[in-house]
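Down below is the structure, laid out as structure tokens.
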Amino acid sequence: VAFTAVMTNGLGAAAYGVFALARRSQAYLLHLAFGFKSGLSRYLPNADDDVERDALVTFASVLLLGVSALFGAALYVSTPTIAGLVDVGRPGQFRTLLRAFAVGMPAMTWLFTVGEVMRGLEAVGPLTLTMRVGFPLAQLAVAGVGVVAFDSVIAVAVGVVATYAAVGV
């Protein structure tokens, strides 16, 4: 809620709307890529030993990142066609935002994969700190800096993508 308030009050409803549309476009492909994610939290607690657990995490991570990189590349390549169908924002703004989120798909997938691994290992404290505190606060900070220092929705989008990667590590 605070992120939306900072974005709409700092950049205006129209700029936030373009940002949200580009982010939502990315989210559709991410939901497809996340098809394997839920298996992690189901199978990790049942792993017999550390070797099996590590193999599950490695295989799932490579699979999720590979699929999201493939979907991100498809979104990046199809951006001119998609942007041609949607006439929103300043000229080129939607296209740039969509490409920033396309490039950031693996980073977002990584963050949610780390969260799912923590859920599967029943690491409630780190999961809460990462997904419920760390990421929202980092995203809010990026929005504040993007609005105050740069007055740019593009700067916020790039910062959000970087936040996915940084918090996931």
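These numbers were taken from a predicted model, which means no experiment stands behind them.
Every residue meeting the side-chain hydrogen bond (donor to acceptor under 3.5 Å, both in side chains) condition with D50, not counting sequence neighbours, appears here in chain and number order: R53. Scanning for side-chain hydrogen bond (donor to acceptor under 3.5 Å, both in side chains) contacts around T163 gives an empty result, with sequence neighbours left out. The side-chain hydrogen bond (donor to acceptor under 3.5 Å, both in side chains) test applied to S41 returns E116, not counting sequence neighbours.
Scanning both residues, P45 and L40, for their nearest heavy atoms gives CD-O, 4.2 Å. S68 and T109 get closest at one heavy-atom pair: CB-OG1, 3.0 Å. Contact between A155 and F150 at its shortest, heavy atoms only, is CB-CB, 3.9 Å. Contact between L44 and V57 at its shortest, heavy atoms only, is CD2-CG2, 3.7 Å. Considering every non-hydrogen atom in both V142 and V156, the closest pair reads CG1-O, 3.7 Å. Closest of all the heavy-atom pairs between A102 and P106 is O-CD, 4.2 Å.
For the pair R23 and F3, the cation-pi test (distance below 6.0 Å, angle within 45°) is passed.
Ring pair F19/F101 is perpendicular by interplanar angle, where above 60° counts as perpendicular and below 30° as parallel.
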Could you go step by step and tell me if F94 and T79 meet the side-chain contact (heavy atoms from CB on, under 4.5 Å) rule?
CA-CA 9 Å; F94 180 67; T79 292; over 6 Å; no

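A donor-acceptor pair under 3.5 Å is formed between the side chain of Q93 and the backbone N or O of R90. For the pair W110 (side chain) and G168 (backbone), a donor-acceptor distance under 3.5 Å is present.
Taking a 6.0 Å sphere around OH of Y43, one finds it holds 12 or fewer heavy atoms contributed by other residues, nucleotides or ligands.
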